[in-house]
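Accompanying notes for the structure given below.
Just so we're clear, the structure is a prediction, and the values are computed from it rather than from any experiment. Below, chain A is the first sequence line, B the second, and so on; all start at residue 1.
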Amino acid sequence: MTQVRTRFAPSPTGFMHLGNARAGLFSWAYARHHGGKFVLRIEDTDLERSTEESVQVILDSMAWLGLDYDEGPIRQTARLERYRAVIAEMLADGRAYKCYATKEELDLLREEQRAKGIKPRYDGRWRPENAQGKPVPEGIKPVIRFRNPDDGLVTWNDLVKGEISISNTELDDLVIARDDLMPTYNFAVVVDDLDMAITHVVRGDDHVNNTPRQINIYRALKAPVPEFAHLPTVLGHDGEKLSKRLHGESVSVMHYAAEGYLPEALFNYLARLGWSHGDAEKFPRDKFVEWFDLAQVSRSAAQFDQAKLTWLNHEYIKEADNARLAGLVGPRIEASGAKLAGGPDLVRVVALVKDRAHTLQEVADAAHLFYGNIRATPELLAQHVTDAVKPALAALREKLGAVAWEKPAIAAVVKETLTQHGLKMPQLAMPVRVLVAGQTQTPSLDAVLELFGRERVLQALGNF
RNA sequence: GUCCCCUUCGUCUAGAGGCCUAGGACAUUACCCUUUCACGGUAAGUACGCGGGUUCGAAUCCCGCAGGGGACGCCA
């Protein structure tokens with residue numbers, strides 16, 4: 001049994017959206033599950049749209065998700081000589097030929113075909129047998145077309161979708177090199193996957209239609225055809241295929257990093273989108289690798305559900321190490337203008353507030369009250385710090401001055417004040433919150449007071 | 001238009017002829033907990049697209065229809 005080799009081959013033309021990321025994730029998982037190799041290839045033959053920044057975004061997104069690769073990144077633009085050599089061979093023996101048809105001419109052809117209700121296809125007008133004696137137009141640089149078989153069926157057993165079969169009469173002679181000699185996608189992938197000895201091509205099912213063309217090229221090259229696995233499309237919340245135009249940046253991997261999602265949460269969510277292992281919903285990456293199997297991938301498109309991702313993120317935040325969380329959340333708190341220095345230990349603050357937060361940003365927002373020096377509004381003060389509770393507040397302050405500064409002792413003193421003044425908890429807790437934290441919504445009072453520290457609390461309670 | 005693929009709760013899915021009066025999760029609703037906001041707990045409602053077959057028996061197999069998606073580029 002030869003070693004499994006898979007690849008992920010994004011094109012650097014913008015951000016990396018969730019659909020791409022999931023394709024990369026599954027391809028990666030397949031290789032890891034089988035102890036194989038995972039190759040990263042950058043498909044940058046579209047010079048118009050490819051950018052260096054986008055290459056970096058791909059690298060960043062993969063690193064953030066923890067998708068490590070064994071080979072690459074290999075750029076197609078670094079392999080141009082190789083493609084040209086293959087094209088020259090094919091040209092030499094008629095597996096490919098030059099086509100001088102102009103873009104305008106082809107547009108017209110397609111238009112006519114559509115009008116007739118048939119599938120738009122190149123009609124083979126520059127195939128050698130049709131071009132006999134035809135003068136080569138002046139000033140037109142030809143493209144190179146692959147001579148596709150005229151008849152027969154192309155069939156493969158897709159590892160996700162099962163047997164798929166397409167007739168060669170549906171296909172046409174596709175362009176494999178543009179007039180500037182740059183190879184096109186369908187040709188470059190085949191040469192690359194061949195040279196990189198890819199055994200399993202795992203990719204999105206928008207490529208199903210390309211597969212028979214590529215298989216024909218493999219055959220023309222007398223090369224072994226790899227296995228194919230076409231993953232179902234990832235749709236947006238609106239049921240449309242994920243796209244830059246429709247969904248914008250809100251579906252990019254790094255957007256979720258910026259919004260305060262943990263990589264393990266997105267990883268888990270994506271893993272579970274279109275794939276399942278019984279009832280398992282939350283599982284770590286090593287379990288995913290252990291369980292992953294193409295046979296369990298669903299055949300139908302899946303809608304992205306932000307609410308479920310958020311739930312998973314919440315689950316992972318709850319169990320995340322507090323020091324790690326503090327490191328991630330600190331910059332967010334300072335970004336809001338607050339200063340960590342001089343405030344309570346962020347690790348302890350995070351431990352207190354993380355249960356209620358669904359994103360790192362929410363952790364930061366909840367922690368903010370300990371560092372922001374928030375002052376209650378006069379309305380809030382008037383509403384809660386009434387003359388009726390002032391004696392109790394004074395009494396509490398005095399007791400707090402003498403107590404051991406630990407949560408249980410603080411709680412005991414609060415209770416004591418309550419009974420002595422005949423108050424219910426909210427009647428005392430709310431004014432204390434307003435005075436100390438500047439707001440009525442905080443975690444439990446004793447914990448909040450403990451974290452603020454005696455000095456700050458006594459000062460605040462003496463201030464009315 | 002042509003070709004290809006898909007079709008179980010609102011969403012992600014379990015289900016490979018009897019275990020299904022269809023299970024889990026998210027979301028929703030109700031109730032409980034409660035020191036505010038949350039967290040948490042318990043419970044409920046909601047699905048096999050439609051029509052024909054095959055079979056003693058179909059969510060599961062076959063056919064048709066409908067719906068959805070994808071592709072039809074000198075983009076990938």
Using the [atom1] atoms only, state how far [M] lies from [N], rounded to an integer number of Å.
N	M	atom1	value
B:G49	B:A30	P	31 Å
B:G45	B:U29	C1'	8 Å
B:G51	B:C56	P	23 Å
B:U54	B:C61	C1'	8 Å
B:A59	B:C48	C1'	4 Å
B:U21	B:U46	P	16 Å
B:G68	B:C31	P	40 Å
B:G17	B:G41	P	36 Å

Enumerate the residue pairs fulfilling salt bridge (charged side-chain N to carboxylate O under 4.0 Å, His left out) with a member in residues 296-315 of chain A, sequence neighbours excluded, ordered by first and then second residue.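 Matches after skipping sequence neighbours: A:Glu281-A:Lys308, A:Glu315-A:Lys318.
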
Stepwise side chain to side chain contact (heavy atoms under 4.5 Å, CB included) test for A:Leu381 and A:Leu435: CA-CA 8 Å; A:Leu381 285 169; A:Leu435 286 170; 3.9 Å; yes

Find the distance [X]:[atom1] to [N]:[atom2] and express it as a whole number of Å.
X	N	atom1	atom2	answer
A:Asn313	B:A25	CG	P	20 Å
A:Phe283	B:U13	CZ	C1'	11 Å
A:Gln113	B:C3	CD	P	14 Å
A:Asp305	B:C9	CG	C1'	13 Å
A:Lys415	B:U34	NZ	P	11 Å
A:Tyr316	B:C39	OH	P	20 Å
A:Trp311	B:U28	CH2	P	14 Å
A:His237	B:C12	NE2	C1'	16 Å

Axial cation check for A:Tyr316 ring with A:Lys282, 6.0 Å and 45° limits: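 Pair A:Lys282/A:Tyr316 counts as cation-pi.
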
Pi-cation contact, A:Tyr122 with A:Arg125 (under 6.0 Å, within 45°):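 Not flagged: A:Arg125 not positioned over aromatic ring of A:Tyr122.
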
Can you tell me the Watson-Crick or wobble partner of [N], both distances under 3.5 angstrom?
N	value
B:G67	B:C6
B:U34	none
B:A14	none
B:A43	B:U29
B:G1	B:C72
B:U60	none
B:U54	none
B:A22	none

Of A:Ala302 and A:Lys318, whose closest RNA chain B nucleotide lies nearer the 5' terminus?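 Nearest nucleotide further toward 5': that of A:Ala302.
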
By the 4.0 Å heavy-atom rule, please label [X] as base, sugar-phosphate, or nothing.
X	result
A:Ser167	nothing
A:Gly274	sugar-phosphate
A:Arg299	sugar-phosphate

So if I define the base as every atom that isn't primed, P, OP1 or OP2, how would nucleotides 63-76 of chain B read as a B/S/- string at a heavy-atom cutoff under 4.0 Å? ------SBSBSBBB

Base orientation of B:C50, syn vs anti, 90° cut from 0: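 It is anti.
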
Between A:Asp205 and A:Thr233, is a side-chain hydrogen bond (donor to acceptor under 3.5 Å, both in side chains) present by the stated rule, with each step listed? CA-CA 6 Å; A:Asp205 68 0; A:Thr233 314; 2.7 Å; yes

Could you tell me whether the side chain of A:Arg272 has a donor or acceptor atom within less than 3.5 Å of a complementary atom in the base of B:U13? no

Using atom types as modelled and distance alone, determine if a side-chain donor or acceptor of A:Thr45 lies under 3.5 Å from a backbone N or O of A:Thr184.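 Flag not set: sc A:Thr45 to bb A:Thr184 has no pair under 3.5 Å.
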
Is the backbone N or O of A:Thr169 less than 3.5 Å from a side-chain atom of A:Arg121, with the two atoms forming a donor-acceptor pair by type?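 Pair found, side chain donor or acceptor close to backbone of A:Thr169.
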
From the list A:Phe283, A:Phe288, A:Trp291, A:Phe292, ring-ring contact (aromatic ring centres under 6.0 Å, His included) partner of A:His277 resolves to A:Trp291

Counting just side-chain N and O atoms, does A:Ser276 come under 4.0 Å of either OP1 or OP2 of B:A14? yes

Below 6.0 angstrom between ring centroids: does that apply to A:His207 and A:Tyr185? yes

Would A:Phe38 and A:Tyr30 count as a close aromatic pair, with their ring centres under 6.0 Å?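 They do not qualify: ring centres at least 6.0 Å apart.
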
A:Gln303 has its side chain closest, among B:U11, B:U36, B:U2, to B:U11

With the side chain of A:Asp355 defined as its heavy atoms from C-beta on, choose the nearest nucleotide among B:C39, B:U36, B:C4.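 Selected nucleotide: B:C39.
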
